Colleague: 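Below are the structure tokens for one structure; questions will follow.
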2 protein chains.
Amino acid sequence: MLSTGSTAQSNFAAVAMMKPQLETLDELFAAVPRETLDIGAGLFWEGDRAQHIFEVSEGVLRIFKIIGDGRRVITGFLYAGDMVGLTLRDVYLYSAEAVTPVKVRRLTKKAFQDAIEHSPELRPRLFALMCDEMAAAQDQMVLLSRKSAEERVCSFLMLTARRMQGDRQVGRTVQLPMSRQDMADYLGLTIETVSRTITKLIARGVIVPNGRHAFDIGKPGKLLALCGDGDSYEDIGERGAKTRQAVWPH
Amino acid sequence: MLSTGSTAQSNFAAVAMMKPQLETLDELFAAVPRETLDIGAGLFWEGDRAQHIFEVSEGVLRIFKIIGDGRRVITGFLYAGDMVGLTLRDVYLYSAEAVTPVKVRRLTKKAFQDAIEHSPELRPRLFALMCDEMAAAQDQMVLLSRKSAEERVCSFLMLTARRMQGDRQVGRTVQLPMSRQDMADYLGLTIETVSRTITKLIARGVIVPNGRHAFDIGKPGKLLALCGDGDSYEDIGERGAKTRQAVWPH
DNA sequence: CGAACCGTTGAAAGCATTCAACCTCGGTGG
DNA sequence: CCACCGAGGTTGAATGCTTTCAACGGTTCG
């Protein structure tokens, strides 16, 4: 499938000739022209033949699955720098749509695989990326499995705030480019519950509205405590001794 | 699928001769002695330094995270042939315990990485494995996000039945080695809800108890329809005028 | 200006949880 | 041998959080 031989034709060759030692996955896509997606436009659909790998270079994408009777589950939001469509299967397992105007670059799966296969630099980076994705997926399972509506919304605000850092996070502002419906479908709630929860957080001064799709974080410590992750940091909390089980003697 | 004692033997020979072309990830572990875990014993804990990669060669393991106030979320069950501890981070992101008596083999992370790095055969296999894991994680997000208690339990039964296939699935029997509490923590429900749901499924003849930790599937078609994945197959049930919303958004 | 979309708010209903009691089955010890 | 016990599992009733149904407010755009 992926030969190590010196038969490095394919469009990867062009890239390799210009700069034989790619060091980041970004650079892999650098030579490709950017494509534009309007708000709401689809990049690909669940079930489509998976022929390309994409890199988001601007904007926000939502990744989702739909089950039988129309229920939608958003499994993630992707920001600039994230990669989409990473799979070995022959079809995509989810759909991708633009939440905001989006710019992406695409590589054929084959080109991407060749590049990875030929670059000992890139492989650990790809591996790390997939590990991060798994970690995020597990955190999301925790959220969906055991967190209350308030904890879910607070976790989402914190996550998004963290993501924006270095990007455009001015002070303590969180940008939420997606609709309430998107948030609901990501958090496993209804649009009404999301709305009500946000209203309550505002009333308590935890967050301060700044337009409908941005909030200033009024009480960062409180917000963090309300995430329900309750590990360290919880200066505000009162919950007593935590029974951290003894380590297994083996 | 599993490496039995005898194949382990021959693989060991292959490795001993320094045969450079391993073809499956299984073989990587074949030369390593197996370790035994009693029921309930931990393999590693969330936060431990991640120094090893494990392969389950026998039994069932549960993977879980615990948040602040004792809430536990089981993110997966691992069966013979599955790998555990796959991460590039320096600490494990979850804990692993034995549900049944378990046998595992371990490789240091470094040894594993070296093997992968030197084997063009193995890399795509590892990649595929991680893709499968992501796919499973996303299915679980769908389950936790939008499925009813009944749909969750049925999905779990189907999943487990499928996993057992070829292994020890005799006829239409599903083995559930884990406790109801484990099931609840995996499905994002309480133990009582799991119990009640199972009772109802039995009453309807969808499943037939066969000891407390095994069920015969009385009505496979019905069970499948009740999973809520609602793609084809679901004409078996009665559930008359189900407002089958337009199928696909494109 | 009105229509459509998005978001908020209110009231009622529903599904899962919580609290509590009871059952069942192995294991144990008198 | 059998009574007792404890863990795991089941069942019942009440509570509660989120959902559902419905109406209203606000903003954007033709």
Side-chain angles (χ1 to χ4, degrees), chain A residues 38-40 62 69-74 99-101 143-157 175-204 207-215 226 228, chain B residues 38-40 62 69-74 97 99-100 143-157 175-204 207-215 226 228 243 245:
Chain A
D38 291 334
I39 292 179
R62 65 176 163 251
D69 47 353
R71 289 175 283 188
R72 183 180 72 159
V73 177
I74 294 182
V99 171
T100 66
L143 181 147
L144 294 170
S145 192
R146 291 291 181 222
K147 287 189 178 178
S148 68
E150 186 174 81
E151 289 171 333
R152 292 182 198 202
V153 170
C154 290
S155 297
F156 181 65
L157 288 169
Q175 300 285 335
L176 301 177
M178 67 293 295
S179 71
R180 296 286 191 268
Q181 185 64 65
D182 284 341
M183 290 179 53
D185 287 347
Y186 180 65
L187 297 176
L189 300 169
T190 59
I191 187 174
E192 294 97 330
T193 300
V194 170
S195 183
R196 274 186 255 271
T197 305
I198 288 177
T199 301
K200 259 181 276 177
L201 290 173
I202 293 170
R204 288 199 270 160
I207 55 177
V208 180
N210 185 340
R212 259 215 277 233
H213 290 282
F215 295 92
L226 289 174
Chain B
D38 291 334
I39 292 179
R62 63 175 164 252
D69 49 352
R71 287 174 285 187
R72 183 180 72 159
V73 177
I74 294 182
E97 284 177 350
V99 170
T100 66
L143 181 147
L144 294 170
S145 193
R146 292 288 180 226
K147 286 189 179 179
S148 70
E150 185 174 82
E151 290 172 332
R152 294 181 197 203
V153 170
C154 290
S155 297
F156 181 66
L157 288 169
Q175 300 285 335
L176 301 177
M178 68 293 294
S179 71
R180 295 287 192 269
Q181 185 64 62
D182 283 340
M183 290 178 53
D185 287 348
Y186 180 64
L187 297 175
L189 300 169
T190 60
I191 186 175
E192 294 97 331
T193 301
V194 170
S195 183
R196 271 186 257 271
T197 305
I198 289 177
T199 301
K200 258 179 279 178
L201 290 173
I202 293 170
R204 286 200 270 159
I207 55 177
V208 181
N210 186 341
R212 250 198 245 179
H213 290 281
F215 295 92
L226 290 173
T243 45
Q245 194 79 342

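Order of the sequence lines sets the chain letters (A, B, ...), proteins ahead of strands, with each chain counted from 1. Fair warning: this is a prediction, and the values are worked out from it, not measured in the lab.
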Colleague: Can you tell me how far CD1 of A:I191 sits from CD of A:Q181, rounded to the nearest 0.5 angstrom?
Modeller: 5.0 Å
Colleague: Does any N or O in the side chain of A:R152 come within less than 3.5 Å of the main-chain N or O of A:L187, such that one atom is a donor and the other an acceptor?
Modeller: yes
Colleague: With heavy atoms under 4.0 Å as the rule, sort B:G188 into base, sugar-phosphate or nothing.
Modeller: sugar-phosphate
Colleague: Just verifying a value: how many Å separate B:L143 CG and A:S145 OG, rounded to the nearest 0.5 Å?
Modeller: 9.0 Å
Colleague: Which comes earlier along DNA chain D counting from the 5' end, the contact point of A:S148 or that of B:I191, where each point is its nearest nucleotide?
Modeller: B:I191
Colleague: Of A:R212 and A:V194, whose closest DNA chain D nucleotide lies nearer the 5' terminus?
Modeller: A:V194
Colleague: Quick one: does B:R196 reach the base of D:dG9 with a side-chain donor-acceptor pair under 3.5 Å?
Modeller: no
Colleague: With heavy atoms of chain B within less than 4.0 Å as the criterion, where does contact along DNA chain C begin and end?
Modeller: C:dA16 to C:dC25
Colleague: For A:T199 and for B:K200, locate the closest nucleotide of DNA chain C by heavy-atom distance; then report the residue assigned to the nucleotide nearer the 5' terminus.
Modeller: A:T199
Colleague: Between the side-chain atoms of A:E192 and the base atoms of D:dC21, is any donor-acceptor pair under 3.5 Å?
Modeller: yes
Colleague: Are OP1 or OP2 of D:dG9 and a side-chain N or O of B:H213 less than 4.0 angstrom apart?
Modeller: yes
Colleague: Expressed in angstrom and rounded to an integer, what is the separation of A:R180 atom CZ from D:dT19 atom P?
Modeller: 16 Å
Colleague: Assign A:T193 to base, sugar-phosphate, or nothing according to its heavy-atom contacts below 4.0 angstrom with the strands shown.
Modeller: base
Colleague: Any base atoms under 4.0 Å from B:L189, or only sugar-phosphate, or nothing? Heavy atoms, all strands.
Modeller: sugar-phosphate
Colleague: How long is the span from the CG atom in B:L201 to the CD atom in B:E150, to the nearest 0.5 Å?
Modeller: 5.5 Å
Colleague: Applying the side-chain contact (heavy atoms from CB on, under 4.5 Å) criterion to A:L157, which one of A:I198, A:L226, A:I207 satisfies it?
Modeller: A:I207
